[in-house]
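These notes are about the structure you will find just below.
Whatever order the structure lists them in is the order used to number ligands and atoms, beginning at 1.
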Amino acid sequence: SPTPGNHQPLTTQVAGHVGVMMTTEDGSLLIKPALPREVEFYQILQQDKTLEGLRVFTPQFLGTLKLEGQVDPSHANLAENIISIVLENLAYQFVKPNILDVKLGTVLYDDTATPEKKARMEKAAKDTTSGETGIRVTGFQVYDNATSKPIQTPKTYGKSLKPHQLGEGIAKFFPLFGQSEFLPVAGPTSGEDIDMSDSTSSYSFGLPIELLTPIVQGIREEVVLLREVYEPLEIRMIAASLLIIYEADWDRAEEALTRYFVEEDNEEDSDEEDDDDDETKPKKVGLPFVVRLIDFAHTNLVPGKGPDKGVLLGMETVINLLDDRLKKSRLEA
Ligand code: ADP
Ligand code: MN
């Protein structure tokens, strides 16, 4: 079980409330202060047989934690009620994680929303891509090959997109090496310490076609599987996100892809080599990408009410966008 010790802010956060997400000292686990509903959903998810298929598409849940004595004294009255959830840090296994947070669904308020919030969220869906396509690009980070630092694209970018521009947004998250058309948009915070004048060359971003194609294809297959699992469920995920992470380090991506596509078919080769926990060792080669659902602060089971149409529409949109990305990068390779 996780030991509350030296926690540090999550540096790979691409969306959400800033400054609340912490990691354990080694970075492998996340500690998120959570609303009762999110705690409850993670707990149900571990037990409910009908949600077994969905569970593999969520971060591993290690339990809950009360961070006593670590809360700002001015909020001391809240401290007793703050429960944190301990989750697997999905970015941990990556050397250079490119991370995309996509908000799913056409409806962004739940039954607890006040009339004011309901009206605000209806307008938000209408004014962004959410209402029409079931997704909004919330935020993403893409590594710059030249500096080995991530460029973070803020949520204002995704909010500004029209439905026909979503393909452009997705292309910025999956840059093809040498393709100058889709460079990342740096936000005000990353602009402070990253000089974009050095890195706006098309050679600063992206993976070569031999690595990008299987990664986008693999991610697409995962979203197809997720949609299949999600389709029959009577659930409403309000303002949950699809978190997509892939390896942007070329050597590492190549190794991880080989493991994923070659050795997985050859079970006898993929023996659990060395299990000694030598901390000086570099990280073990993990997956080339991961696709997970996160953020269940407004998720409800709704028996008898049928499928979650808005979220399913969003998953469909993501699949179509990934198809378009594959077509486009093939054309320009
Ligand atoms: P909020 O309720 O503040 O929106 P989220 O759960 O959506 O919080 O998380 C905010 C951000 O933190 C995500 O966009 C992602 O970048 C990062 N994040 C959340 N959960 C994980 C996880 N399990 N592993 C890695 N990163 C995560
Ligand atoms: Mn969120």
- prompt: Applying the 4.5 Å side-chain criterion to the ILVMFWY set and letting contacts propagate, would Val311 and Leu313 be lumped into a single cluster?
  reply: no
message: Test of understanding: given a 4.0 Å heavy-atom threshold, classify the contact between Glu88 and ligand 1 as side chain, backbone, both, or neither.
response: backbone
message: If you count every heavy atom of other residues, nucleotides or ligands that lies below 6.0 Å from Glu254 atom CD, does the total exceed 12?
response: no
query: Is Glu52 salt-bridged to Lys49, cutoff N-O under 4.0 Å?
result: yes
message: I need the atoms of ligand 1 closer than 4.0 Å to a non-hydrogen atom of Asp101, numbered in the order shown.
response: 13 (C), 14 (O)
query: Just by distance, with hydrogens left out, do Asp295 and Ser241 show a side-chain donor and acceptor under 3.5 Å apart?
result: no
task: Verify, without hydrogens or angle tests, whether Arg136 (side chain) and Lys159 (backbone) share a donor-acceptor contact under 3.5 angstrom.
output: no
query: What protein heavy atom sits nearest atom 21 (C) of ligand 1, and how far away is it?
result: Leu30 CD1, 3.2 Å
statement: Contact region, Ile294 to ligand 1, non-hydrogen atoms below 4.0 Å, reads side chain
query: Of all the N, O or S atoms in Asp295, which one sits nearest to the Mn ion (ligand 2)?
result: OD2
- prompt: Asp111 and salt bridge (Lys or Arg N to Asp or Glu O under 4.0 Å): which partner among Arg236, Lys117, Arg37?
  reply: Arg37
message: Tell me the contacting part of Ala15 for ligand 1: side chain, backbone, both, or neither, using a 4.0 Å heavy-atom threshold, strictly below.
response: both
Identity and separation of the nearest protein heavy atom to atom 17 (C) of ligand 1: Leu10 CD2, 3.8 Å
field: Backbone N/O of Phe174 and side chain of Arg325: donor-acceptor pair under 3.5 Å
entry: yes
message: Please list the nearest protein heavy atom to atom 3 (O) of ligand 1 with its residue and the distance rounded to 0.1 Å.
response: His17 ND1, 2.6 Å
message: Heavy-atom pairs closer than 4.0 Å: do any link ligand 1 to the side chain of Asn89, the backbone, both, or neither?
response: both
message: List ligand 1 atoms under 4.0 Å from Gly16, heavy atoms only on the residue side.
response: 1 (P), 3 (O), 4 (O)
task: Spell out, as yes or no, whether a donor-acceptor pair under 3.5 Å connects the side chain of Glu234 to the backbone of Leu301.
output: no
statement: atom 24 (N) of ligand 1 has as its nearest protein heavy atom Leu90 N, 2.8 Å
statement: In ligand 1, the atoms that come under 4.0 Å of a heavy atom of Lys32 are 1 (P), 2 (O), 5 (P), 6 (O), 8 (O)
message: Heavy-atom pairs closer than 4.0 Å: do any link ligand 1 to the side chain of Ile245, the backbone, both, or neither?
response: neither
message: Looking only at protein heavy atoms, which one is nearest to atom 4 (O) of ligand 1, and what is the separation?
response: Asp295 OD2, 3.0 Å
message: Treating Gln152 as the side-chain partner and Val14 as the backbone partner, does any N or O pair qualify as donor plus acceptor under 3.5 Å?
response: no
query: Numbering the atoms of ligand 1 from 1, which are under 4.0 Å from a heavy atom of Val14?
result: 14 (O), 16 (O)
message: Starting from atom 9 (O) of ligand 1, what is the nearest protein heavy atom, named by residue and atom, and what distance separates them?
response: Met21 CE, 3.1 Å
Shortest non-hydrogen separation from Phe205 to Val142 and the atoms involved: CD2-CG1, 4.1 Å
- prompt: Can you tell me which residue and heavy atom of the protein come closest to atom 15 (C) of ligand 1, and the distance to 0.1 Å?
  reply: Leu243 CD1, 3.8 Å
query: Is it true that a side-chain atom of Glu88 and a backbone atom of Tyr92 form a donor plus acceptor pair closer than 3.5 Å?
result: no
field: Partner of Tyr246 by ring pair (Phe, Tyr, Trp, His ring centres under 6.0 Å), out of Tyr143, Phe173, Phe289
entry: Phe173
task: State whether Asp101 contributes an N/O/S atom found under 2.8 Å from the Mn ion (ligand 2).
output: no
task: Using a strict 4.0 Å cut-off to heavy atoms of Thr12, name the atoms of ligand 1 that fall inside it.
output: 16 (O)
- request: Report, in ascending order of atom number, the atoms of ligand 1 lying under 4.0 Å from any heavy atom of Pro59.
  value: 23 (N)
